[in-house]
Amino acid sequence: MNRDIFFRAAREYGTPLYLYDLGEMQRRIKLAQDTLNSLDFKIFFAMKANSNPYLLRFIHSYGIGADVVSINEYKMARFARFRPEEIIVNGNGKSMEDLEFYIAQNPLCINVDSKEEIAKFGNKNARIALRINPDVDPKTHPHISTGLKENKFGMDFETAKEVIKTLPSNLRLAGLHCHIGSQITKIDPFIEAFSSIERFVKSQGIKLEFLNVGGGWGIDYKKDGTEMDLAGYKKKIVPLLSNFNVPIYFELGRFITASAGYLISKVTEVKRNPYKNFVILDASMADLIRPSLYDAYHEIEILNDGEEMISDIGGRICESGDIFARSRKIRTPRPGDLAVIHDVGSYGYSMASNYNLSLRPAEVAFDGEKLILIRKRERFEDILNLCLEDKNENF
Ligand code: LLP
């Protein structure tokens with residue numbers, strides 16, 4: 001991305017600011033579609049990665065559906081013009097209210113996470129898939145692995161067998177679902193998971209209408225070439241999946257939007273103590289929590305051409321963990337310089353909070369020419385309004 005765009009965006013919309021490159025998003029969508037093109041497939045965008053409605057509409061225009069995990073994500077998907085038959089519902093611990101809402105909407109499929117969830121459907125009709133937990137190590141950060149037996153998601157094969165045997169007639173078992181984790185770069189865990197599902201389907205004689213293999217495709221945060229092995233996926237996984245002879249559904253989040261997103265912020269202070277240098281930004285863990293939460297690596301670019309230095313880079317939150325990078329080599333900044341954090345288009349804004357009463361940043365999209373404001377910056381009044389709703393009696 002051309003630096004001038006970062007300067008222009010910061011000048012016009014202030015910092016901290018999320019900027020999305022629509023060209024990159026389109027490139028990623030095509031890359032995923034090209035990898036899978038010999039399969040009968042459909043991609044559903046995992047909205048937890050990014051739920052900005054403008055971006056959702058953009059993604060939808062490429063024939064992609066939506067994977068939602070809450071009523072509000074469902075409503076946002078509908079607002080972004082996804083039709084119910086283009087929406088898959090996921091999530092563990094769904095409440096009765098959640099299920100009532102989803103069933104009435106009649107989405108393409110509801111993924112059932114547990115044996116216990118089956119009872120919550122009562123006698124209502126629904127088209128479901130069972131989420132299988134195949135007990136496979138995806139070799140990713142423990143906080144984002146989901147398909148191990150110690151994880152809370154899905155059901156083991158034995159439980160799935162029992163659920164299938166005792167399934168009430170109002171529930172139509174249309175498919176199986178399996179998502180083993182996120183930011184996966186090796187294909188072996190997928191081979192292991194999908195092969196065990198294949199064995200299960202054969203041994204139980206299950207007639208599938210589709211197989212949903214979740215998401216998890218990793219991206220190259222470190223820019224060292226470690227990312228999802230697409231060539232390997234095409235060569236080894238695609239043939240494995242075509243053996244199922246049914247449409248294969250994918251729930252990709254990170255892969256579609258991460259590399260298209262930048263968090264543009266301003267350096268507020270360059271601070272030195274006898275041990276270390278600290279560069280403090282006007283963005284913080286409230287705007288982007290991945291480094292604090294998962295020790296996640298994000299490239300950080302200081303927009304000047306000064307000498308290099310080694311420094312920690314952090315935010316303004318009163319918490320030691322509010323650090324974006326430790327001992328990182330960067331250009332020596334001056335207060336007021338721009339710092340751009342890369343690859344934040346997934347799990348960036350969608351995980352932002354109001355900690356320390358931080359206001360959520362604005363979001364803009366860049367279409368190759370124009371900057372388009374796609375979400376306003378939050379204001380203090382927006383937060384205060386929530387506290388004032390109750391007849392104001394406590395103030
Ligand atoms: N399907 C299911 C059922 C999921 O739980 C997830 C992500 C996805 C699809 C999409 O996975 P992706 O393609 O984006 O890897 N906040 C963490 C990531 C948590 C992912 C949770 N589930 C992060 O910032 O790395």
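Remember, it's 1-based here, ligands and their atoms both numbered in the order they're listed.
In the vicinity of G253, heavy-atom distances shorter than 4.0 Å reach the ligand 1 atoms 12 (P), 13 (O), 14 (O). Of all the atoms in ligand 1, the ones that sit under 4.0 Å from a non-hydrogen atom of L252 are 13 (O). Within ligand 1, the atoms closer than 4.0 Å to a non-hydrogen atom of G215 are 9 (C), 13 (O), numbered from 1 in the order shown. Close approach of ligand 1 to A46 is summarised as follows: ligand atoms under 4.0 Å from at least one heavy atom of the residue are 8 (C), 10 (C).
In this structure, K42 is positioned above the aromatic face of F44, its NZ or CZ under 6.0 Å from the six-membered ring centre and within 45° of the axis. A cation-pi arrangement is present between R28 and F255 under the rule of less than 6.0 angstrom and at most 45 degrees off the ring axis.
Looking at G216, G181, G348 and measuring to atom 12 (P) of ligand 1, the nearest heavy atom belongs to G216. By heavy-atom distance, the residue among R290, K48, E251, R131 lying nearest atom 4 (C) of ligand 1 is K48. Looking at Q183, R254, M351, it is R254 that brings a heavy atom closest to atom 25 (O) of ligand 1.
At a heavy-atom distance under 4.0 Å, no atom of F153 approaches ligand 1. Here H141 has no heavy atoms under 4.0 Å from ligand 1, in either its backbone or its side chain. Within the 4.0 Å heavy-atom criterion, the part of H179 lying near ligand 1 is the side chain and not the backbone. Residue contacts with ligand 1, taken as heavy atom pairs separated by less than 4.0 Å, involve S182 via backbone and side-chain atoms alike. The part of D67 lying near ligand 1 is the side chain, judged by heavy-atom distances below 4.0 Å.
Between H298 and Y221, the distance separating the two ring centers is shorter than 6.0 angstrom.
Side-chain contact, N133 with D156: no donor N or O sits under 3.5 Å from an acceptor N or O. Side chains of R360 and N354: a donor on one and an acceptor on the other come within 3.5 Å. Between T185 and E227, the side chains place no donor N or O within less than 3.5 Å of an acceptor N or O (distance only, hydrogens not considered).
Contact annotation: the side chain of P134 approaches that of I180 to within less than 4.5 Å [non-hydrogen atoms, C-beta and beyond]. Between V68 and N90, the closest side-chain pair of non-hydrogen atoms is not below 4.5 Å.
Ring geometry for Y233 against W217 counts as tilted: the plane angle lies between 30° and 60°, on a 0 to 90° scale.
Connection of Y262 to M25 is not established within any shared hydrophobic cluster, with ILVMFWY side chains joined at heavy-atom distances below 4.5 Å, either directly or through further cluster members.
In this structure, Y294 has a heavy atom closer than 4.0 Å to ligand 1.
Regarding atom 19 (C) of ligand 1, its nearest protein heavy-atom neighbour is I144 CG2, 3.8 Å. Nearest non-hydrogen protein atom to atom 20 (C) of ligand 1 is Y347 OH, 3.6 Å.
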